[in-house]
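This report concerns only the one structure given below.
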Amino acid sequence: EPALIFDLGGKFDKSFNEAAFGGAKRWADETGGSFLETEMQSEAQREQALRRFAESGANPIVMTGFAFGDVLNQVAPDYPDTKFAIVDMVVEQPNVRSVVFNEHEGSYLVGMLAAMASETDTVGFIGGMDIPLIRKFACGYAQGVKAVSPDATVIANMTGTTPAAWNDPVRGSELTNAQISQGADVVYAAAGGTGVGVLQTAADEGILSIGVDSNQNYLHPGQVLTSMMKRVDNAVYEAFSDGTDLETGIYVMGLANGGVGYALDEYNEELITEEMKAAVDEASAKIASGEMVVHDYMSDESCPAVSF
Amino acid sequence: MDKMPHWADVILIPLISLILAAFLSALVILAIGENPVEALQLMVQGSLGSTYGWGYTLYYATNFMFTGLAVAVAFHARMFNIGGEGQAMLGGLGVALVCLYVPWPHWTIALVFAIAASAAFGALWAMIPAYLQAARGSHIVITTIMFNFIASAFLNYMLVNVMRPAGSMDPATERFPEAVNLPTLHEMLLPFGIQFSKAAPVNFSLVIAILACILVWVLIWRTRLGYEIRAYGHSEPGALYAGISPFKIIMISMLISGGLAGMMAINNVMGEAERLVLNATEGAGFIGIAVALMGRSHPFGVFLAAILFGFLYQGGAELALWTNIPRELIVVIQALVIMLTGALDNMVRMPLEKLFLSMRKGRA
Amino acid sequence: MTAPAIELKGISKSFGPVQANKDISIRVRPGTIHGIIGENGAGKSTLMSILYGFYKADSGEIWINGNETQIPDSQAAIAAGIGMVFQHFKLVENFTVLENVILGAEDSGLLKPSLARARKSLLNLAQEYGLNVDPDARIDEIGVGMQQRVEILKALYREAQILILDEPTGVLTPAEADQLFRILHRLREEGKTIILITHKLREIMEATDEVSVMRRGEMVATRTTSQTTPEELAELMVGRKVLLRVDKAPAQPGGKVLEIRNLHVRDEKGVERVKGINLSVRAGEILGIAGVAGNGQSELLEVLGGMRPGTGEVLLNGQPVELVGANGRAIRDKGIAHVPEDRQREGLIMDFHAWENVAFGYHHDPAYNRGLLMDNAALRADTERKIEKFDIRPADGWLSAKNFSGGNQQKIVVAREIERNPDLLLVGQPTRGVDIGAIEFIHKQIVALRDAGKAVLLVSVELEEIFSLSDRIAVMFDGHVMGERLPDQTDEKELGLLMAGVSGPREATA
Amino acid sequence: MDFITLIQVLDSTIRLTTPLLLACLAGLYSERAGIFDIGLEGKMLASAFLSAAIAYVSGSVWLGLLAGIAASVLLSALHGLASITFRGNQLISGLAVTMLAQGFTVLVAQDWFQQGGRTPSLTGAGRFTGITLPFADALEPVPVIGPIYAELISGHSILVYLAFAMVPLTWWILFRTRFGLRLRAVGENPAAVDTAGISVTGLRYAAVLICGVLCGIAGAYLSTALQAGFVKDMTAGRGYIALAALIFAKWRPWHALWSCLLFGLLQAVALRFQNIDLGGIVIPVQVMDALPYILTVVILAGFVGKAIPPRAGGEPYVKER
Ligand SMILES: Nc1ncnc2c1ncn2[C@@H]1O[C@H](COP(=O)(O)OP(=O)(O)OP(=O)(O)O)[C@@H](O)[C@H]1O
Ligand SMILES: Nc1ncnc2c1ncn2[C@@H]1O[C@H](COP(=O)(O)OP(=O)(O)OP(=O)(O)O)[C@@H](O)[C@H]1O
Ligand SMILES: [Mg+2]
Ligand SMILES: [Mg+2]
């Protein structure tokens, strides 16, 4: 029986963890199988959750979030017969699959859309916890914005420095207000549960927002420009499908293999014009083919398009 | 005459409160559409049904012994130390500093210094509220609450800005070196041919916690200091009359209390996580209040209550894993225990006293 | 004959195992001052609190002006025209006089009109009865005598026809007390009925028309004051003839053991309570300090006992004693023992076993310790001895202090302190709330210590006790020693004047 | 800081002050009556949950508000039962109330909505939205005054105005009415109130229930006005900051307003700027987070004017002579 462990922020953050849950559920619906799951209440519980599932014979065990990296590195060797998969972190153990995403590529696409939709030429970015991973989102986004309109302003804020930043809608909302007052008319929230507050305030104040990880367009129909899809669901779905035969090693999911992308559905079709779609799809193809490279913040911890 | 025999006071009342709390919790479980009997079975199975379960139960119990003793010692001096949480956090900082920045040859030596550091940091964090209470009469409950928040912000700062290793995204310290890892119960029992779960985090700290229970018992009931603490706790004017300095007692009892709370860190930080993470205390400081109330501030009572809460904690985690009952159920139980043994005490006591009084009249 | 203003029939009340009132009946004629007298703990306050609706009787009836009246709470008592001045005032300290007066008797939801009306009304009452107070003063800024007036005004403002005063003179000087009685007489002339609780016979004889005597929860007799004598009342009160003097040989005073020079003491609020006194006590002598409660005697004892700091010079056998406060241990080590005024709050830990209390204050004594630990076996053995020697009952060292009667509690304290064989014994109110048998015993112990050549400093508000024990008497008033007298060269009247701050011409020749 | 940012920060201060102020005044009623309440946090939390849940289910935020108040009042009644009727330890009871709320909100939310202890997002009539004061739009272009009126003063939800209006109202009730006089008296010397023929129990329950109502409004504000839905532990220590503000204010209504505004400002600044650069010295955000608590400790220490609580506070009333 496979197991899934959600990171702080919880299964129903409408974003990152919920995407993982979606993948697991899809697997369960299709195969009729069942899976174990649990949510973290605090940092200190990670190890217990991992061990508990390993002890009870769950296999494979999938966890979402870089924060599991350290404990997984400790726990995995104790259970050599169990396969683990971790999202967003590389753990070099023989029985671990590490799934990482090219978030900068997807963010680049939504950055282009933001720039095209903006009337003030000022767009915002609200990140969750201030870590290189989130800067990677921001950097890709800013590059996309600048690609469309080189003079545009990108305002980037982070919610916090601890995991609490993933679940702080109040702060998300305040930061959104701040960005609005600075002229932003599109904000991109890459902040897990905090994003709920960002999208809410953006909708209340009548500006556009961009969701992240899951497709969040439905949250405020007609007011969410698009969502940067990070197919955590696919990662989980595949891991579950592979079962105990799960191949270990590093898996990179990018535009080329459908790991990231942007969402287009009935909720935002009126916001995305044909031109916008054409421009983005063209860039997407170029990136996928390798013709064009989006700078990855984590490769050198710097960003050409935005400063933090 | 006493209204009630002593045993009723120390055994019957906590027991009745516990049963009431259990009953109310069962109602809650029923209300959310689960079966309380099955839930209890699951809790028992998950926490006591295997050495793995026991390992976690005892691990948590170790935490609660330290924080429970901390609250109990302060109670004896009639101080209510709500600050166990913050003191335990600071204790964690002390342990991390000792373990990370000194190359220890062996865990035994490291442990001695880790105990000293955790106790010193915890005591330090209790010292300011204690001083303000002793010298300026600032209400210790309020100041210790404030100090919990300050501790949390301070630790946050330390982990995010100071102690986080370069390149790590986690607000946590590095792993401690192998040499300072405490032996787990598994390793301790192996020489005796006993197979205890390898995965369970219960470790040598349990021995320290039990020792602490014994030492606190000796301190409170057998030493002059304990005599003075108890005397002060019963009557401040009395203490003054007997030449017991209230200032000294407040300071010492709070320092001991803070030190005990801080010492919890040898279990969760040094013994289990082997690094310092955010919120490593997980509310154990508050559970200590429930444990001390339930255990009637007596070290043996604290020992038993800590194991009970260890069971609840581990059982609750199991419930959350296998059923739809969230982990918060144990927060509810814990709240009920605190309410019933600490605040609604008289609700249980009054009818009991009447009962005993009428029984005595019946005999006479 | 008109119906009694108040008639209580068969009132009983217990507090847990303590029966405070047993089947009490009493009639109070309208327009009289009716005294109720009884020893400490006789149940006087309880009875009056029941009448005032503060406590609820377990059984019994209350009749007012010939009608049975239910008094479930104070509201009902007030409605029935009853007002009460409690032994401990019930005033809100940081409110003004006016606010205290209207509290609970406001006219409307808003305060303004009430305050205005009360201000007028106070003016009238002040003129009518000579009850002058500043309506805008805060309670914590006025003296106790003034506070008592506020309490009386509160009752009058509520148009009380029946006024109960519970030990109103305990905190007053004789002069203030006389003034109070004048006011009471004036109220009686206006047709009000007054119940006066006290355990001072003099006050009963001076002020009342009738008097009822209570003993151990029971009403033992009612007399017309003019037809009884203090001796009869005293006998009724205690149940047997009172021994007024302790048999003791004349003192054989030796050298000065204690010398106090220019001692000043301030309380927690910074108010000076002892204002530069000079006293000395010699070996083999009992110095009694008389005075109305609250004139600095308590603070004097507390400074000498190391419970609070003071300034000035105190010498014990010529050696200076530090007056830093919270140094009771050092004080004891120097050879001073202390029987404190309040045994339940200070002298004992009520929840400790008797054997734990036996070491209280001396728990550092090597005899009670073995290395780091306390030697509980030694403590218990010592307790056995003291129980035997001082006839403490029940003879069970394992009982908690709270389970002993007041007299036996006091014996535990006295045993502990006297057995240290101190050079100087400080004693505060040694027989307050103690039964007659224990009083005699404790007095004898104190005299025996004196006869062993030790110095004793006795503080008591009971003049009788001062007279029967002291070899020399000093009177304190407002933080000063008003004078020293020898017991056989003075009388209660002269001491009373000194206690009221009126100094006399004669000085003791010590 | 430019003018617009200043206005924005102050605007955010007002939003963040509101729940603090309501909870602080709630505590003021209770503590002035002699019942210490460290359970403000729990009551707010319970109300935040139930108001969001009911607002979601019924679609009416007003029903939600009522339900939130009911939840908070229920906990108040429990606190009253423990500390007034059964004369228990008020601090322990307050702590238990908070824990009870922390546990129950998640338990019930999970059972009810299956969303990991949160409620679904509120929309439309399920939320309190800002109300535009008269002339706000017309005045907007006027320099300085315009933005201050239109941005800062206008446009908040009705509960914000209610909270600020509660300050003079509370002052008036406390110092100008019979109820206020009695309430203050019972916190100073309950025996005086008792012997004056007023029920101590009744008064204290009244105070505790008022406290419940105000905490209820504070909680509802969090989940239905400031935010659109409940997430677990969403009070995030605001109850304790309110308590700190109450001490800071020395239990006085107008001072409560200033101390809540100060703490609200600290929160607003901490929210907006992570680390504050004061010309070379960088103040980390954690300092801003901890500042209300540090300030309160300083006040408690009595170095800046001593905070003296109501004299009978924290003590159960037992009749004595
Ligand atoms: N579980 C308990 N909770 C609270 N107080 C207790 C408890 N057990 C004992 N006490 C109190 O502790 C005091 C001393 O008890 P302790 O356990 O030290 O042993 P003891 O029976 O009093 O003496 P000894 O051990 O010498 O026989 C007693 O006053 C008792 O009231
Ligand atoms: N609230 C109470 N709880 C328990 N016992 C009480 C209470 N009030 C009075 N008692 C007891 O009832 C008895 C009668 O007390 P009461 O105060 O009526 O006596 P009193 O005659 O007024 O004494 P005093 O002269 O000291 O004022 C005493 O034994 C006292 O300890
Ligand atoms: Mg024993
Ligand atoms: Mg009395």
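Just so we're clear, the structure is a prediction, and the values are computed from it rather than from any experiment. Per chain, numbering begins at 1; letters A, B, ... match sequence-line order.
Ranking Ile128(B), Val160(B), Ile338(B) against chain D, the residue ahead of the rest is Ile338(B), based on heavy-atom pairs under 4.5 Å. Put simply, of Ile330(B), Val337(B), Ile142(B), the one with the most heavy-atom pairs under 4.5 Å next to chain D is Ile142(B). Contact count against chain B (heavy-atom pairs under 4.5 Å) is highest for Leu91(D) among Asp289(D), Val108(D), Leu91(D).
Among all heavy-atom pairs drawn from Phe36(D) and His139(B), the shortest one is CE1-CD2, 4.3 Å. Of all non-hydrogen atoms in Ala343(B) and Asn89(D), the two that sit nearest each other are CB-O, 3.8 Å.
To the nearest 0.5 angstrom, Leu293(B) atom CG is 4.5 Å from Ile92(D) atom CD1. Interatomic distance, CD1 of Ile32(B) versus CZ of Phe104(D), reported as 9.0 Å (0.5 Å rounding). Phe80(B) contributes atom CZ, which lies 5.5 Å from atom CG of Leu95(D) (distance to the nearest 0.5 angstrom). Once rounded to the nearest 0.5 Å, the distance linking CE of Met339(B) with CG of Leu81(D) reads 8.0 Å. In this structure, CD in Gln102(D) is found 9.0 Å from CD in Gln334(B), a value given to the nearest 0.5 Å. Atom CD of Gln286(D) is separated from atom CG of Leu159(B) by 10.0 Å, given to the nearest 0.5 angstrom.
In this structure, Phe247(B) places its CZ atom where more than 12 heavy-atom neighbours from other residues, nucleotides or ligands lie under 6.0 Å away. Heavy-atom neighbours of Tyr240(D) OH from other residues, nucleotides or ligands within 6.0 Å: above the threshold of 12. Annotation: Phe113(D), atom CZ; neighbour count of heavy atoms from other residues, nucleotides and ligands within 6.0 Å is above 12.
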_As a quick check of understanding, evaluate side chain to side chain contact (heavy atoms under 4.5 Å, CB included) for Glu328(B) and Lys232(D), giving each step before the final call._
CA-CA 11 Å; Glu328(B) 274 74 12; Lys232(D) 76 176 172 197; 3.8 Å; yes

*Run the numbers on Val106(D) and Arg327(B) for side chain to side chain contact (heavy atoms under 4.5 Å, CB included), then give the verdict.*
CA-CA 9 Å; Val106(D) 177; Arg327(B) 223 179 153 128; over 6 Å; no

*side chain to side chain contact (heavy atoms under 4.5 Å, CB included) between Arg349(B) and Phe86(D): does it pass, once the steps are laid out?*
CA-CA 10 Å; Arg349(B) 186 183 301 271; Phe86(D) 287 109; over 6 Å; no

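Using a 4.5 Å cut-off between heavy atoms, Tyr131(B) makes no contact with chain D at all. With a 4.5 Å cut-off on non-hydrogen atoms, Ile333(B) does not touch chain D at all. Interface residue Asn156(B): backbone and side-chain heavy atoms are both found under 4.5 Å from chain D. Neither the backbone nor the side chain of Gln90(D) comes within contact range of chain B; no heavy atom of the residue lies under 4.5 Å from a heavy atom of that chain. Residue Ile145(B) touches chain D through its side chain alone, counting heavy-atom pairs closer than 4.5 Å. There is no contact between Leu291(D) and chain B, counting heavy-atom distances below 4.5 Å. For Ala31(B), the part lying under 4.5 angstrom from a heavy atom of chain D is the backbone only.
For the pair Leu132(B) and Leu300(D), the minimum side-chain heavy-atom distance is 4.5 Å or more.
In this pair, Tyr293(D) and Phe149(B) present their aromatic rings parallel. The plane angle is below 30°, not in the 30 to 60° band.
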